[in-house]
Protein chains: 4
Amino acid sequence: MVNVGVIGYGYWGPNIVRNFNLVRDCKVTCICDSDPKVEAHLSKIFPEIKITRDFNTILVDPEIDVVAIVTPVSTHYELAKKALENGKNVFVEKPFTQTPPQALELINLAEQKNLKIMVDHTFIFSGAVSKIKEFITNGEIGQIYYYDSTRINLGLFQRDVNVIWDLAPHDFAIMLHLLSDRPDAIRVFGKSHVNGMEDVAHILVYFTNNLMAHFNVNWLSPVKIRSTMIGGDKRMLVWNDISPDEKIKVYDRGVNHDTPEDIHNLLVSYRSGDMWSPKLDQREPLLIELTHFIECIIGNKKNISDGKSGLEVVNLLHACEKSIRHNGGLVIL
Amino acid sequence: MVNVGVIGYGYWGPNIVRNFNLVRDCKVTCICDSDPKVEAHLSKIFPEIKITRDFNTILVDPEIDVVAIVTPVSTHYELAKKALENGKNVFVEKPFTQTPPQALELINLAEQKNLKIMVDHTFIFSGAVSKIKEFITNGEIGQIYYYDSTRINLGLFQRDVNVIWDLAPHDFAIMLHLLSDRPDAIRVFGKSHVNGMEDVAHILVYFTNNLMAHFNVNWLSPVKIRSTMIGGDKRMLVWNDISPDEKIKVYDRGVNHDTPEDIHNLLVSYRSGDMWSPKLDQREPLLIELTHFIECIIGNKKNISDGKSGLEVVNLLHACEKSIRHNGGLVIL
Amino acid sequence: MVNVGVIGYGYWGPNIVRNFNLVRDCKVTCICDSDPKVEAHLSKIFPEIKITRDFNTILVDPEIDVVAIVTPVSTHYELAKKALENGKNVFVEKPFTQTPPQALELINLAEQKNLKIMVDHTFIFSGAVSKIKEFITNGEIGQIYYYDSTRINLGLFQRDVNVIWDLAPHDFAIMLHLLSDRPDAIRVFGKSHVNGMEDVAHILVYFTNNLMAHFNVNWLSPVKIRSTMIGGDKRMLVWNDISPDEKIKVYDRGVNHDTPEDIHNLLVSYRSGDMWSPKLDQREPLLIELTHFIECIIGNKKNISDGKSGLEVVNLLHACEKSIRHNGGLVIL
Amino acid sequence: MVNVGVIGYGYWGPNIVRNFNLVRDCKVTCICDSDPKVEAHLSKIFPEIKITRDFNTILVDPEIDVVAIVTPVSTHYELAKKALENGKNVFVEKPFTQTPPQALELINLAEQKNLKIMVDHTFIFSGAVSKIKEFITNGEIGQIYYYDSTRINLGLFQRDVNVIWDLAPHDFAIMLHLLSDRPDAIRVFGKSHVNGMEDVAHILVYFTNNLMAHFNVNWLSPVKIRSTMIGGDKRMLVWNDISPDEKIKVYDRGVNHDTPEDIHNLLVSYRSGDMWSPKLDQREPLLIELTHFIECIIGNKKNISDGKSGLEVVNLLHACEKSIRHNGGLVIL
């Protein structure tokens, strides 16, 4: 049995506790929240779980194998470090840390201690992303031409981060998971209209192989859109995460040309075939993710959302900050 | 009666002829096409119209008041110049010319000769754009935060121009018509995957007043999208030109905040009210446009799509070329 | 403080308990479920609520003011009768009872004892239905021409009822709530393909004033549709309950004609104006409903979903049974 | 070369002329319209075609092989009879005739004279219907459970026919083409609100094999819907003819059960697999239809829209009339 201590019981905490308790051979034995009212509430609804306001209770508890850090990003580094030093495996909310060096230090510490880190990039465990990964890996999309994502809605304005730190971690984690190539440069164009934080931004990510990814994040959109298009030389794919069904549509469409002469003479033709919307795994992504994490700890499975994945996202976020400070200047990664 | 001579009877020519003939006090008296097969066909279907393969026939015909130039962009300057020199008013396809100096020369020539130029930016005469213009002018959108347009589909690849010259003239003409502010800088990021011409591009247009417009043009999209979002501090608007109805949706949504302290303390609140989809003028935009042109000639009405409008679009297209050659470098306008 | 005892903790029970506890001056003090495993689970998650397997515990508890009956329809009559006899107000799941006489008896009993009955027609407390009711009452739809509803999806097959008893109670309750006129005849056409119960049915409901309502219920549809169209001589309305937003669209469209001669000469014209999608109350309908019920008990407010409403729906369901047994024969109400 | 004479040049006439002229080995040699203004217009735009106001010119012209009757239904019988008597093959607008005996007489006459009749049920030549036919014939849908069609919009009111004669011929022709079984009874429920003609109707069509088809036709709908659902025991299909693409969606969904005991014990399970939207033939259905007709005449191909098809539709329309006159009484076919 893997015992889990959870630090932080805000918006996302209840989902973490509920799902850890659904994982086989795993249970939450202690929850910490610094708010006395939350502590009182937790005591009532979880009479069999230890409740505390002091996170050290969790960090030093010899029965606890995993510490789940579900707190604001500014506290991740310190809490994760202490947890690792106390011999705990660590599950930490996205984004992993505030800076790349912090992430690197935690990765090294975990390696020395032979402990596992998992960063909570929930989306990469969703049925939709798993299916897209399958398509790309099997070569059904072919050489990728473009990757274009829109993640916009009205609010939620946050006090301490801009729209990029709020929304882009999802997209970066998804893109890095899906593509085998790694980005080599980034540019960001942002504007702030309401509270001094950027609330609208366009992000361009360059890869060595002629692929340019584009991300549109916006807190001022009247409609909520969660859409990603991936175009390849074999097929093209649209993922609409808002749609109640048919979230993924694969189009057997593209451009055909046989020889360089054809291209020169504009003898391109269009292939416009069937559209296909695959059935997706409907299970809750967070449960799949936590099950995966426990299997990594117990069964030594390869972790697909480890500290290195977390670091890659933090690297991109930091490059965004730099580019935005230089009005969209190119930041080489 | 205004007599029109039409040069070029390709894809768009039949619409031009049909609509000029529908305008009151106006008729097409001569059509020129250099292809003998087209000439033969025209002779059969328009027995009462003079048909020719030599455009000079039109340019020197003393009965003709307007020359409509419906030919590839590379021929616009020369044909328009000759037509003006021969005392004809000129209707010319978009984009107006290949270079800004050509456009400027034609504008000056027309002024000297007291002739009219109209550039065929058909969209600005559509019911949708007229309605959006009305909303913006009446202050219903308020201060504009962002302008974001997507014009993507599969093909049509062209031999001599990239996706920007093919698709962006529409968007530039619409934006310049809708906004009273003028752009002051531009950046373009493009990639070519098939025939050496850019087939995917993102364009950022900057205005002095904290407005950033973004245009996504793409020849490699499996789905056809024609969508523009305009967000303001009062209302937000989505124009979906593909939708068979409800093309424009106005959302009474936004962010409220009263004082700078509110903003500092993140006391922003969201206003989420009704959505409203206005009835649009269903008439054919090209007929409205040509009627407007003839009224400008006969009645001295102010032309909303004159040579200067054409020049502004050509200026933006040329700035795009420069930026793309410098990998997205900022081009000051 | 109004004390509530809940009988039945199946699919819907958790929502009932949660929402009664959210109503001001109201709390759940006892829950009964006959399944020992459910009982054990309830004891753990609600340590401060009395848990029992014997519903008599609730019926005789002098502290309890309201009994909520959240059990299969076959048990409603007996449980409600005993609760009323013990002086309890009764909240009962839809459909109210299996037969009209049972419903009538309960209504009379409640009146004699001066107790309240509420039948759980949750939908009539939704933001969408409230808004439609407002439109109809204010005369914005005008004289109603037709009422057409589609409620179809794949499954859920039930062992003991057909698709009509499963899905139509929602539609009947909504229609009866929205329209001031009462149906005077009904016809039903159904087919069973899988387990001997009707799984596809079309229901026609007649009113004296030339209005014909149509309901399509279907357990064998590949797509889930929840859509109602109401056409009137002033405006027309479409309610799409699946849509994440813009659930209600009001169309300023219709037919104009001035005199009988106009009609004779077919001088009808079409009015095609704006579409308007009103903002809806987003609160959970069940909470609004339970709050309303408690206000009826404490404040003597008029109950809009009382036993008589429940009886009207049971009457229609029984008429459906009769019609179906006679292959769509007309049943006068 | 097959020579065609066209009688009637109203709304649909131009399409008929244009498409007959596109068919290989076929040309329109004479057009008749009784309106002098239309005659004058035709003379101008078709200088090489004989134009007349007297249909007898066409009927007696020895050069003409096919007479296309594109006039109101009340004239079909007389014109078709005369054309057949003069040895012409006949193409006639839908619905074929006003009464079944008229249709029967024309069929017999054509057989005696060894001439061909084609009734213009254009939809059955569309890419969508061809693809659905293919699915059904190949057994991909399986045993059909239901067939449900909605064809509604605002207007067009007609002076002499109700909404059933206006809209249902399309649906009847499509259904009869798609299904190998024949209907054996029909019921119709209609209401008239505006000009004394039914403007809203529900039609139920029964088949011997437990299949019930339903058709909703309505002239008072604010939105235009053209949708058909066909559910079978293997797969289910939705055809949305308004959608610009993905008109047909095939769902690999259904109900599984192995033995009668399973069903009794409600051990049904749901199969929810992929959705698939096939590419459709984009060619103009009318051109495919006319090409087919000419091939029937020249090549003796089997006609899939012959007089018998036309008669079947007229039979259903007449049964509708009877049922509506008896308030939805069952009419045995």
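Residue numbering restarts at 1 for every chain, and letters A, B, ... go by the order of the sequence lines.
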For Val194(B) and Tyr145(A), what are the C-alpha separation, side-chain angles and deciding distance, and is it a side chain to side chain contact (heavy atoms under 4.5 Å, CB included)?
-> CA-CA 10 Å; Val194(B) 176; Tyr145(A) 285 153; 4.1 Å; yes
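Per-residue heavy-atom pair counts under 4.5 Å with chain B were compared for Lys249(A), Met275(A), Arg187(A), Met229(A), and the maximum is reached by Arg187(A). Counting heavy-atom pairs under 4.5 Å between each of Val200(A), Asn218(A), Val238(A), Leu237(A) and chain B puts Asn218(A) at the top.
In the displayed structure, Lys133(A) atom NZ is contacted under 6.0 Å by more than 12 heavy atoms of other residues, nucleotides or ligands.
Along residues 202-217 of chain B, the residues that come nearer than 4.5 angstrom to chain A, judged on non-hydrogen atoms, are His202(B), Leu204(B), Tyr206(B), Asn210(B), Met212(B), His214(B), Asn216(B) in order of number. Taking non-hydrogen atoms and a 4.5 Å limit, the residue list of residues 320-329 of chain B in contact with chain A, ordered by number, reads Asn327(B), Gly328(B).
Contacts between Ser192(A) and chain B at a heavy-atom distance below 4.5 Å involve the backbone alone (N, CA, C, O). Interface remark: Ile152(A) contributes side-chain atoms only to the contact with chain B (heavy atom separation under 4.5 Å). Looking at Asp252(A), neither its backbone nor its side chain comes within 4.5 Å of chain B, counting heavy atoms on both sides.
At a threshold of 4.5 Å between non-hydrogen side-chain atoms, the residues His193(B) and Asp233(A) do not count as touching. Arg235(B) has its side chain out of reach of Pro222(A): every pair of non-hydrogen atoms, C-beta onward, lies at least 4.5 Å apart.
The minimum heavy-atom distance linking Tyr146(B) with Leu220(A) is given by the pair OH-O, 2.6 Å.
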